[in-house]
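Being a predicted model, the structure only gives us computed values, none of them experimental. Position 1 is the first residue of the sequence; numbering continues from there.
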Amino acid sequence: MSLIRILASGDFQLLIIYILSRAFVVFICLPAHELAHGWAAYKLGDNTAKNSGRLTFSPFAHLDPIGTLMIFLFGIGYAKPVPVNPNNFKKPKSGMALTALAGPASNLVMGFIGVFLADTVLAAYSAAGSASSAVYTLCQLFYLLFWYSAQVNVSLAVFNLLPIPPLDGSRVLAMALPDRLYYKYMRYERIIMIVLMVALFTGILSTPLSYLINFFMNIVSYIPDLIFGL
């Protein structure tokens, strides 16, 4: 659910949960996403991210103003791309692809953890039986916070895998396309990004993105739901 829809609903409690879950993603999950890129590049032989001060959890080293705003407005966005020098990899194309995939992979792991924590809260409340309204409200708040955080993490993974610069999917695309075609494609980076923003704002991408997000949510939810019998 977008921020605009929540504001229109007038549900103050849901608004608080929405903002807290997005803030958690912006200040914890996005930095972890970018750190995963830098760490993967470093392990593959490239020190560029390390020398640029990007091997850190500090959000101020990673956040992009527009990408951060998109997180709060649409639930999906991006951070500043980690600098990578493919010439330092033994196999530049595969090195770039693995470095790019490390970010979305970290989001899927955090999505799994979020679902696991949400299911833990739900199971603990169910096991407790009858409880006061205050306990019920507290459990509900924590459940929604963990669930929304998981959903945004999965949304980030799906969004960043789109083959659109500067998203991670464009670097994976580089491994599949001949260099000539890839460089020609990258010439239109700004135009493509503007088209993407328009598509997000108008809702054109809502259906395909929702399908992919639900698909990956089912994947990260499978084991936690199996463990807790949900």
Quiz prompt | side-chain contact (heavy atoms from CB on, under 4.5 Å) evaluation trace for Val158 with Phe215 | solution = CA-CA 10 Å; Val158 170; Phe215 175 77; over 6 Å; no
Quiz prompt | Least distance between heavy atoms, Ala32 atom then Ser106 atom | solution = O-OG, 4.0 Å
Quiz item: For the atom pair CG (Asp168) and CD1 (Ile164), what is the distance rounded to the nearest 0.5 Å?
Solution: 12.0 Å
Quiz prompt | Transitive ILVMFWY side-chain link Leu145 to Ile28, under 4.5 Å | solution = no
Self-check item: side-chain contact (heavy atoms from CB on, under 4.5 Å) partner of His62, chosen from Thr56, Thr68, Leu30
Solution: Thr56
Quiz item: Going by heavy atoms in the side chains, are Asp225 and Asp119 under 4.5 Å from each other?
Solution: yes
Self-check item: Non-hydrogen side-chain atoms of Val115 and Ile223 separated by less than 4.5 Å
Solution: no
Exercise. Determine, step by step, whether Asn107 and Val152 satisfy the side-chain contact (heavy atoms from CB on, under 4.5 Å) criterion, reporting the C-alpha distance in whole Å, the side-chain angles of both residues, the deciding distance to 0.1 Å, and the verdict.
Key: CA-CA 9 Å; Asn107 287 122; Val152 175; over 6 Å; no
Practice problem: Apply ring pair (Phe, Tyr, Trp, His ring centres under 6.0 Å) to Phe116 and Phe228, showing your working. | Solution: CA-CA 9 Å; Phe116 187 88; Phe228 292 101; 5.4 Å; yes
Exercise. Indicate yes or no: at least one non-hydrogen side-chain atom of Phe216 is less than 4.5 angstrom from one of Val220.
Key: no
Quiz item: Can you get from Leu117 to Phe112 by hopping between Ile, Leu, Val, Met, Phe, Trp and Tyr side chains that sit under 4.5 Å apart?
Solution: yes
Self-check item: Pairwise side-chain hydrogen bond (donor to acceptor under 3.5 Å, both in side chains) hits with a residue in residues 79-103, at least two apart
Solution: Asp46-Asn88, Asn85-Asn87, Lys93-Asp179
Quiz item: Any donor and acceptor pair, going by atom type alone, linking the side chain of Arg54 with main-chain N or O of Pro83 inside 3.5 Å?
Solution: no
Quiz item: Between Phe57 and Pro31, what is the shortest heavy-atom contact and its length?
Solution: O-CB, 3.2 Å
Quiz item: Can you tell if the side chain of Trp147 reaches within under 4.5 Å of the side chain of Ser221, non-hydrogen atoms only?
Solution: yes
Exercise. Take His33 and Asn153 through the test side-chain hydrogen bond (donor to acceptor under 3.5 Å, both in side chains) and record every step on the way to the result.
Key: CA-CA 10 Å; His33 175 107; Asn153 265 299; over 6 Å; no
Quiz item: Which pair of heavy atoms, one from Ala118 and one from Tyr143, lies closest together, and at what distance?
Solution: O-CD1, 3.2 Å
Quiz item: Where the side chain of Asn47 meets the backbone of Lys50, is there a donor-acceptor pair that is under 3.5 Å apart?
Solution: no
Quiz item: So does Ile66 have more than 12 non-hydrogen atoms from other groups sitting under 6.0 Å from CD1?
Solution: no
Quiz item: What is the minimum heavy-atom distance between Gly111 and Ala150, and which atoms define it?
Solution: O-CB, 3.3 Å
Quiz item: Which residue, Thr120, Val121, Leu122, forms the side-chain contact (heavy atoms from CB on, under 4.5 Å) with Phe146?
Solution: Val121
Quiz item: Should Leu212 and Met70 be counted in the same cluster of Ile, Leu, Val, Met, Phe, Trp and Tyr side chains packed under 4.5 Å apart?
Solution: yes
Quiz item: If you take all heavy atoms of Gly95 and Leu44, which pair is closest and at what distance?
Solution: O-CD1, 3.7 Å
Exercise. Work out which heavy atom in Val172 is nearest to a heavy atom in Ala100; give both atom names and the distance.
Key: CG2-CB, 4.0 Å
Quiz item: According to a 4.5 Å side-chain heavy-atom criterion applied to Ile, Leu, Val, Met, Phe, Trp and Tyr, with indirect links allowed, do Leu167 and Leu173 form part of one hydrophobic cluster?
Solution: yes
Quiz item: What is the distance from atom NE2 of His37 to atom CG of Leu101, rounded to the nearest 0.5 Å?
Solution: 9.0 Å
Quiz item: Do Leu177 and Val84 sit in the same hydrophobic cluster, where Ile, Leu, Val, Met, Phe, Trp and Tyr count as joined when their side-chain heavy atoms come under 4.5 Å apart?
Solution: no
Exercise. Indicate yes or no: at least one non-hydrogen side-chain atom of Phe159 is less than 4.5 angstrom from one of Ile213.
Key: no
Exercise. Mind checking the CG-OG spacing from Asn214 to Ser155? Nearest 0.5 Å is all I need.
Key: 9.0 Å
Quiz item: Between Phe24 and Tyr148, is the gap from one ring center to the other below 6.0 Å?
Solution: no
Quiz item: side-chain contact (heavy atoms from CB on, under 4.5 Å) between Val26 and Leu63: does it pass, once the steps are laid out?
Solution: CA-CA 8 Å; Val26 165; Leu63 297 184; 3.6 Å; yes
Quiz item: Quick one: side-chain hydrogen bond (donor to acceptor under 3.5 Å, both in side chains) pairs with a partner in residues 169-178, sequence neighbours left out?
Solution: none
Quiz item: Could you state the interatomic distance from CD1 (Ile16) to CG (Leu144), rounded to the nearest 0.5 Å?
Solution: 12.5 Å
Practice problem: Look up atom CG in Leu162 and atom CG in Leu209, then write down how far apart they are to the nearest 0.5 Å. | Solution: 6.0 Å
Practice problem: Mind jotting down which residue pairs meet the salt bridge (charged side-chain N to carboxylate O under 4.0 Å, His left out) criterion with at least one end in residues 96-105? Sequence neighbours excluded, please. | Solution: none
Practice problem: Assess whether side-chain contact (heavy atoms from CB on, under 4.5 Å) is satisfied between Ile71 and Leu156, documenting all intermediate values. | Solution: CA-CA 9 Å; Ile71 291 288; Leu156 280 172; 3.4 Å; yes
